[in-house]
Amino acid sequence: MDTPYGVPESLMSWIAIASLPAGTTFWQSSPGSHRVNDWNDWENTPEVSHPVWNGNGPWERLDPGRAEVNVSGRIPPQLPIVNGAQDH
């Protein structure tokens, strides 16, 4: 996960999503850009804080559909902790 980087507009970071209250609904849609080449080497260049989004284009469907891809989700209620592990 690319935590050191901010995310493009229209996306929420996984930290922001994980921090939402239970029952919250959120939406994600393609920012229209992506990274084409290798990611930065954070270990050797820790000062890098912004990615270079050097490719353009929407999210691509993996099925034969043609509609635009958008994602929504809902944060589930906290699962009970049983014997130190979450009960799924």
Q: For Gln28 and Met12, work out which heavy atoms get closest and say how close.
A: OE1-N, 2.7 Å
Q: At what distance, to the nearest 0.5 angstrom, does CH2 of Trp53 lie from NE2 of His34?
A: 10.0 Å
Q: Roughly how far, to the nearest 0.5 Å, is CG of Leu20 from CZ of Phe26?
A: 7.0 Å
Q: Could you report the tightest heavy-atom contact between Asn54 and Asn37, atom names first, then the distance?
A: ND2-OD1, 3.0 Å
Q: Looking at every non-hydrogen atom in both residues, tell me the closest pair between Pro8 and Pro31 and how far apart they are.
A: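 Scanning both residues completely, I find the closest heavy atoms to be CB-CB, 3.5 Å.
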Q: Answer yes or no: does atom CD of Glu47 have more than 12 heavy-atom neighbours from other residues, nucleotides or ligands under 6.0 Å?
A: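 Yes, CD of Glu47 has more than 12 neighbouring heavy atoms, counting only those of other groups under 6.0 Å.
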Q: Which atom names give the shortest non-hydrogen contact between Ser10 and Ser29, and what distance separates them?
A: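 Closest approach of Ser10 to Ser29: OG-O, 2.6 Å.
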